[in-house]
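Since the model is a prediction, treat every value here as computed from it, not as a measurement. Proteins get letters first, then strands, A, B, ... in listed order; numbering begins at 1 in each.
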Protein chains: 2
Amino acid sequence: MPAEQDISLLFNLINSFVPLTQQDKEHLIPHLSYRNVKKGDYWLAEGEKEQQVGFILEGSMRHFYLHDGEEKTTYFYFQNNLVSSYFSALTGTPSKLSIQAMSNCRLISFPYKMLVLMYELSPKWERFGRKLAEYLVIGLEERMVELLVLSPEERYNRLFNSNKKKILERMPQHLIANYLGITPVSLSRIRKRAGTKK
Amino acid sequence: MPAEQDISLLFNLINSFVPLTQQDKEHLIPHLSYRNVKKGDYWLAEGEKEQQVGFILEGSMRHFYLHDGEEKTTYFYFQNNLVSSYFSALTGTPSKLSIQAMSNCRLISFPYKMLVLMYELSPKWERFGRKLAEYLVIGLEERMVELLVLSPEERYNRLFNSNKKKILERMPQHLIANYLGITPVSLSRIRKRAGTKK
DNA sequence: CGTATTTATTATCTTTTGTTAACGTTTCAG
DNA sequence: CTGAAACGTTAACAAAAGATAATAAATACG
């Protein structure tokens with residue numbers, strides 16, 4: 001059972017999508033567990049079906065696809081983020097991506113099935129599900145346009161000036177290169193051209 | 001007021017997300033309108049806020065972003081698709097993209113506001129909203145991974161072998177190039193390399 | 001129809017990125 | 001503490017893509 005203050009962090013996030021009553025919360029609380037994932041360990045490995053939704057109390061994670069024997073990191077998860085292979089959970093298919101801890105992580109988790117069950121139990125939770133998916137649509141749409149319309153260099157500069165700059169500050173550069181859809185060598189050159197703005 | 005059989009096409013689509021009762025349907029029907037959009041005309045122009053959701057009975061559309069004075073087409077809409085700047089509707093901000101008819105189009109439309117109102121009125125509709133957003137997440141996630149992980153040539157080949165091949169068959173090639181995130185000249189070369197599989 | 005516009009291909013040249021490898025530095029684990 | 005692994009930069013070369021322009025073909029439309 002997770003600590004009180006940790007649980008309230010999770011509900012702070014959920015509340016930012018849909019304000020919940022104490023009663024709504026009670027539905028979820030019995031199904032929360034506390035988990036530790038050590039640096040380098042996996043939250044989810046390729047081929048497994050996603051069963052859990054995590055909430056990161058501390059630490060960070062990445063997810064990556066294996067393509068031609070290479071790990072292609074396409075997303076990062078930080079403190080206060082939900083972490084899950086949403087795609088695998090939604091489709092019920094084995095995950096094509098792996099999620100790995102970049103540092104020792106403390107999380108709260110609950111079964112994805114419980115979330116779906118709560119969609120049935122309460123319109124509030126159903127609304128949360130909608131808002132969450134809509135939030136993801138907005139993020140994915142923005143990122144996809146950048147990939148389609150901007151050059152790698154423009155993408156780097158935009159990331160540098162965005163609210164996701166913490167990715168640049170906290171993640172190794174070759175993973176950022178993946179995230180931008182280019183090679184590490186290419187990113188090194190782009191940074192040099194840009195005058196290595198610290 | 002749209003024709004009976006046209007309305008039933010719309011509900012066929014909605015039913016594939018969430019089965020509706022006759023009563024659920026009655027909520028929406030009074031707000032449906034029939035619309036024609038001529039080839040070349042706009043469903044939505046950049047800078048406008050999206051107010052409507054369309055359902056294409058006949059015809060096709062594209063949406064594009066203006067970048068450095070160039071139109072970058074990043075999505076196509078066909079018969080039986082919903083058409084809307086979901087991003088603009090969700091965020092309530094002026095649209096950064098324009099949606100234009102590629103051929104004469106017949107549509108049913110209803111105000112996005114009505115959809116949101118129905119989210120309030122009925123959990124069934126709320127669920128539809130969730131399923132729709134989840135469906136979009138799945139599509140966006142897949143496409144984004146392709147953009148990050150595959151080369152332009154691999155992306156072309158995958159499109160060629162996908163269930164979206166109709167894009168290749170029905171759309172002009174320079175727009176497909178945009179859709180793949182490359183230039184028309186480059187796509188022409190890729191097709192040549194690929195042996196111009198018919 | 002027939003003319004104007006759009007579209008696709010090809011060629012040439014430039015720029016960028018990918019690939020591979022070497023090197024020095026940092027990080028990490030035993 | 002120390003050797004191994006991981007990381008970032010740089011160089012040299014190859015491959016691919018972008019830019020521009022010319023041309024040919026297809027299409028649109030008055």
Side-chain angles (χ1 to χ4, degrees), chain A residues 38-41 59-60 62 64 67-73 76 100-105 146-160 167-198, chain B residues 38-41 59-60 62 64-65 67-74 76 100-105 146-160 167-198:
Chain A
K38 281 193 200 134
K39 178 174 179 173
D41 284 356
S60 57
R62 66 173 180 132
F64 64 88
H67 182 70
D68 293 342
E70 298 228 28
E71 296 182 357
K72 301 285 189 176
T73 297
F76 302 102
Q100 186 188 35
M102 300 290 294
S103 59
N104 291 333
C105 288
E146 292 186 4
L147 288 167
L148 284 168
V149 168
L150 304 182
S151 68
E153 183 154 0
E154 288 171 313
R155 293 204 292 275
Y156 171 78
N157 288 325
R158 188 170 291 196
L159 180 61
F160 190 88
I167 292 176
L168 290 177
E169 289 157 354
R170 302 188 200 170
M171 292 295 154
Q173 197 166 310
H174 65 287
L175 299 185
I176 296 168
N178 289 171
Y179 181 84
L180 292 169
I182 58 180
T183 61
V185 177
S186 192
L187 178 55
S188 185
R189 284 187 289 229
I190 286 170
R191 282 169 55 88
K192 193 180 181 186
R193 261 181 267 157
T196 312
K197 343 176 195 174
K198 201 164 39 201
Chain B
K38 282 194 198 133
K39 178 175 177 172
D41 284 356
S60 58
R62 66 174 180 130
F64 64 88
Y65 293 82
H67 182 70
D68 292 343
E70 297 229 28
E71 294 180 358
K72 302 287 191 177
T73 297
T74 62
F76 302 101
Q100 186 189 34
M102 299 291 292
S103 58
N104 291 331
C105 288
E146 293 187 3
L147 288 167
L148 283 168
V149 169
L150 305 182
S151 69
E153 184 153 0
E154 288 171 314
R155 293 204 292 276
Y156 172 78
N157 288 327
R158 188 171 290 196
L159 180 60
F160 190 88
I167 292 175
L168 290 177
E169 289 156 355
R170 302 187 200 170
M171 292 294 153
Q173 197 168 309
H174 63 288
L175 300 186
I176 296 168
N178 289 169
Y179 181 84
L180 292 169
I182 57 181
T183 61
V185 177
S186 191
L187 177 55
S188 184
R189 285 187 287 228
I190 286 170
R191 281 168 55 87
K192 192 180 178 183
R193 261 181 266 158
T196 311
K197 345 177 193 176
K198 198 160 46 205

#### Entry: For A/E169, all residues meeting side chain to side chain contact (heavy atoms under 4.5 Å, CB included), sequence neighbours excluded
A/K165, A/K166
### Summary
Applying side-chain hydrogen bond (donor to acceptor under 3.5 Å, both in side chains) to B/T74 and not counting sequence neighbours gives B/H63
### Task
Hey, could you give me each pair passing side-chain hydrogen bond (donor to acceptor under 3.5 Å, both in side chains) that has a residue in residues 180-189 of chain B? Not counting sequence neighbours.
none
### Message
Does the protein touch nucleotides 13-30 of chain C at the base, only the backbone, or not at all? Give it as B, S and - per nucleotide, heavy atoms under 4.0 Å.
### Response
----BBBB-------S--
### Query
Where is the tightest heavy-atom contact between A/S103 and A/S60, given as atom of each residue plus distance?
OG-N, 3.3 Å
### Task
Can you run down the salt bridge (charged side-chain N to carboxylate O under 4.0 Å, His left out) pairs that involve residues 147-156 of chain B, sequence neighbours left out, and say none if there aren't any?
B/E153-B/R193
### Task
Specify the separation, in whole Å, of atom CE of B/M102 and atom P of C/dT6.
13 Å
### Query
Tell me: NE2 of B/H67 to P of D/dA19, nearest whole Å?
10 Å
### Query
How would you list, by chain and number, every residue that makes a side-chain hydrogen bond (donor to acceptor under 3.5 Å, both in side chains) with A/E146, sequence neighbours excluded?
none
### Task
Determine the minimum heavy-atom distance between A/K38 and A/A101, stating which atoms define it.
O-CB, 3.6 Å
### B/T73: side-chain hydrogen bond (donor to acceptor under 3.5 Å, both in side chains) partners, not counting sequence neighbours
B/R62
### Query
End-to-end bend of the helix from C/dC1-D/dG30 to C/dG30-D/dC1 (five-pair axes, 10° rounding)?
60°
N/O-N/O pairs, protein side and nucleotides 3-8 of chain D side, under 3.5 Å:
from, atom 1, to, atom 2, distance (Å)
D/dC7, OP2, A/H174, NE2, 3.3
D/dG8, OP1, A/Q173, N, 2.8
D/dG8, OP2, A/Q173, N, 3.3
D/dG8, OP2, A/H174, N, 3.1
D/dG8, OP2, A/H174, ND1, 3.0

### Message
Applying side chain to side chain contact (heavy atoms under 4.5 Å, CB included), can you list everything that pairs with B/K39, at least two apart in sequence or on another chain?
### Response
B/N104
### Set of ring pair (Phe, Tyr, Trp, His ring centres under 6.0 Å) partners for B/F64, sequence neighbours left out
none
